[in-house]
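As structure tokens, the structure follows; a few thoughts come after it.
Each chain gets a letter, A, B and so on, in the order its sequence line appears, and its residues count up from 1.
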2 protein chains.
Amino acid sequence: MPKSFSFIDDYLAYLLARSSYLVSEQFHHQIQIQGWSVNYWRILASLSDEDGLTLTQLNQRVLFKQPTLSKLIVKMEQEKLLIRHKDETDKRAIKITISPQGRTLVADLLAQAKAHENTVLADYSQKQQQLLKGMLRRLVLHLQE
Amino acid sequence: MPKSFSFIDDYLAYLLARSSYLVSEQFHHQIQIQGWSVNYWRILASLSDEDGLTLTQLNQRVLFKQPTLSKLIVKMEQEKLLIRHKDETDKRAIKITISPQGRTLVADLLAQAKAHENTVLADYSQKQQQLLKGMLRRLVLHLQE
DNA sequence: AGTAGTTGTATTCATTTTCATATAAAAATG
DNA sequence: CATTTTTATATGAAAATGAATACAACTACT
């Protein structure tokens with residue numbers, strides 16, 4: 001006889017939202033203790049892989065609303081963490097790169113994030129970790145057509 | 001040679017945040033088209049499993065900030081979707097139950113949510129679905145000590 | 001080229017969220 | 001039991017968010 005779950009415990013969207021929250025919770029707290037905002041972290045982490053994205057491209061990674069990201073980017077430029085460049089091939093667009101200060105910060109945060117992930121997944125074997133991440137990667141690919 | 005991923009594509013927190021976002025995106029839009037807020041949906045869905053939770057208990061499910069939930073609950077009571085009862089055994093607490101109107105609404109939304117999940121997981125076999133959900137359930141259990 | 005539709009970003013303003021704190025009740029302590 | 005600490009909820013001021021919109025630049029079509 002199959003185990004019976006309550007609605008939310010058998011509802012994929014809830015399981016994802018909850019695990020997402022729980023996985024990030026402590027690390028976000030850790031960031032805030034250091035005086036940084038979670039939004040800054042998400043933006044910098046997204047740029048760390050691929051610098052020079054346009055605002056729209058960056059937004060597809062950080063998953064904010066466009067006006068929210070627009071304003072954050074301006075603020076982060078004022079704080080010398082990012083640089084906004086005009087895109088010469090498309091004059092509507094702005095390209096965003098990380099400043100040297102931003103690079104120093106994100107290098108530090110990336111290391112902390114990896115360390116935190118290691119503690120979160122401490123009880124998972126390498127194989128289990130890859131299985132979990134692999135399933136999520138496939139789900140993401142599947143959903144963003 | 002193992003495939004190499006960019007930071008965010010190998011970072012569990014990001015994979016969860018992104019898949020969570022993608023899975024819920026269309027359904028949230030669907031809710032908003034009908035004139036409801038996503039927050040209302042989350043609150044009602046959480047109560048649908050277990051009515052009569054206190055605000056704190058409910059908040060552990062919906063994952064808001066406490067003042068946010070306090071205000072939403074008051075608003076939803078004014079709109080006759082919920083009822084706030086004094087808890088007689090703990091006079092600080094309030095217990096929250098769904099009103100008849102709320103029940104009608106949540107029944108409708110639950111059906112829509114299930115239908116949406118079915119389309120999201122259409123390409124997954126029953127076995128794969130259980131594997132995915134099972135891994136997430138274990139992750140959640142693992143993280144909430 | 002001229003027009004119509006689309007895309008990329010910024011801005012405004014109303015709403016929502018949150019931090020900090022208040023308050024009252026319960027629990028723990030000595 | 002009196003006192004301190006913790007817990008549950010509410011509230012007000014400040015900050016963040018987002019829907020709507022504006023505008024400029026690009027694309028597609030005739």
Side-chain angles (χ1 to χ4, degrees), chain A residues 17 21 24-25 28-44 46-47 50 52-79 81-97, chain B residues 17 21 24-44 46-47 50 52-79 81-97:
Chain A
Y21 177 90
S24 299
E25 185 181 31
H28 288 177
H29 189 238
Q30 185 176 320
I31 289 177
Q32 286 169 329
I33 300 244
Q34 299 170 57
W36 299 107
S37 87
V38 172
N39 287 344
Y40 279 27
W41 154 240
R42 307 228 303 209
I43 289 169
L44 288 169
S46 297
L47 286 168
E50 207 180 342
L53 298 172
T54 67
L55 197 132
T56 300
Q57 291 170 329
L58 177 57
N59 200 41
Q60 288 165 348
R61 288 173 169 69
V62 294
L63 310 172
F64 297 151
K65 296 280 151 61
Q66 178 265 315
T68 303
L69 185 59
S70 269
K71 287 166 199 163
L72 283 169
I73 291 300
V74 168
K75 229 173 78 183
M76 289 178 79
E77 185 176 50
Q78 287 165 354
E79 296 174 24
L81 295 170
L82 301 178
I83 306 166
R84 289 158 17 110
H85 312 267
K86 296 190 190 67
D87 184 338
E88 282 310 317
T89 67
D90 183 344
K91 286 180 184 160
R92 297 166 302 177
I94 63 164
K95 290 196 157 197
I96 302 156
T97 53
Chain B
Y21 176 90
S24 298
E25 185 180 33
Q26 305 109 316
F27 183 59
H28 288 176
H29 189 238
Q30 186 176 321
I31 290 176
Q32 287 169 327
I33 300 246
Q34 299 171 57
W36 300 107
S37 86
V38 172
N39 287 343
Y40 279 27
W41 154 240
R42 306 226 305 208
I43 289 169
L44 289 170
S46 297
L47 286 169
E50 207 181 341
L53 297 172
T54 68
L55 196 133
T56 301
Q57 291 169 329
L58 177 58
N59 200 40
Q60 287 165 348
R61 287 172 171 68
V62 294
L63 310 172
F64 297 151
K65 295 280 151 61
Q66 178 265 314
T68 303
L69 185 59
S70 269
K71 287 166 192 165
L72 283 169
I73 291 300
V74 168
K75 230 174 78 183
M76 289 177 79
E77 185 176 49
Q78 289 165 353
E79 298 174 22
L81 295 170
L82 301 178
I83 306 165
R84 291 158 16 110
H85 311 267
K86 294 191 190 65
D87 184 339
E88 282 310 319
T89 68
D90 182 345
K91 287 180 185 159
R92 297 166 302 177
I94 65 162
K95 288 194 162 200
I96 301 157
T97 53

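Across B:S46 and B:L58, no two heavy atoms sit closer than the pair CB-CD1, 3.8 Å. Listed here is the closest heavy atom pair of B:R84 and B:I94: NH1-CD1, 3.6 Å. Nearest approach of A:H85 to A:T97, heavy atoms of both residues: NE2-OG1, 2.5 Å.
When the P atom of D:dG18 is taken as reference, atom CG of A:L72 falls 10 Å away, rounded to whole Å. Rounded to whole Å, the distance from CD1 on B:I43 to P on C:dT16 is 12 Å. The separation between A:L63 atom CG and D:dT17 atom P is 14 Å, rounded to whole Å. For the pair A:M76 CE and D:dA16 P, the interatomic distance rounds to 13 Å; values are reported in whole Å. For the pair A:D87 CG and D:dA25 P, the computed distance is 13 Å after rounding to whole Å. Remark: C1' of D:dA16 and CZ of A:F64 are 11 Å apart, rounded to the nearest angstrom. Between B:H29 atom NE2 and D:dA19 atom C1' there is a gap of 12 Å when expressed in whole angstrom units. At whole-Å resolution of the value, NZ in A:K65 and C1' in D:dT21 are 16 Å apart.
Contact of the A:M76 side chain with the A:I96 side chain is not registered, since no non-hydrogen atoms from C-beta on lie closer than 4.5 Å. Side chains of B:L82 and B:L47 form a contact here, defined as non-hydrogen atoms less than 4.5 Å apart.
Although no hydrogens or angles enter the test, the distance criterion places no donor-acceptor pair under 3.5 Å between the side chain of B:D87 and the main chain of B:R92.
Separation of atoms CG (B:L72) and CD1 (B:I43) is listed at 4.5 Å; rounding is to 0.5 Å.
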Assign a letter to each nucleotide of nucleotides 3-12 of chain C from its 5' end: B, base within under 4.0 Å of a protein heavy atom; S, sugar-phosphate only; -, no contact.
----BSBBBB
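Between C:dT16 and B:K75, a contact under 4.0 Å exists linking OP1 or OP2 to a side-chain N or O. In this model, the phosphate group of D:dA8 is not approached by any side-chain N or O of B:N59 to a distance below 4.0 Å at OP1 or OP2.
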Give the intermediate values and the outcome of side chain to side chain donor-acceptor pair (under 3.5 Å) for residues B:S70 and B:Q66.
CA-CA 6 Å; B:S70 269; B:Q66 178 265 314; 3.0 Å; yes
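A:N39 comes within 4.0 angstrom of sugar-phosphate atoms only, judged by non-hydrogen atoms across all strands, and of no base.
Mapping B:Q32 and A:T89 onto DNA chain D by nearest heavy atom places B:Q32 closer to the 5' end of the strand.
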Only pairs under 3.5 Å count here: list side-chain donor-acceptor contacts from residues 32-40 of chain A, not counting sequence neighbours, and write none if there are none.
residue: A:Q34; atom: OE1; partner: A:Q112; partner atom: NE2; Å: 2.9
residue: A:Q34; atom: NE2; partner: A:Q30; partner atom: O; Å: 3.1
residue: A:Q34; atom: NE2; partner: A:Q112; partner atom: OE1; Å: 2.7
residue: A:S37; atom: OG; partner: A:N39; partner atom: N; Å: 3.4
residue: A:S37; atom: OG; partner: A:Y40; partner atom: N; Å: 3.1
residue: A:Y40; atom: OH; partner: A:E79; partner atom: OE1; Å: 3.2
residue: A:Y40; atom: OH; partner: A:E79; partner atom: OE2; Å: 2.9

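Taken over five-pair windows at either terminus, the axes of the helix from C:dA1-D:dT30 to C:dG30-D:dC1 are inclined to one another by 40° (rounded to 10 degrees).
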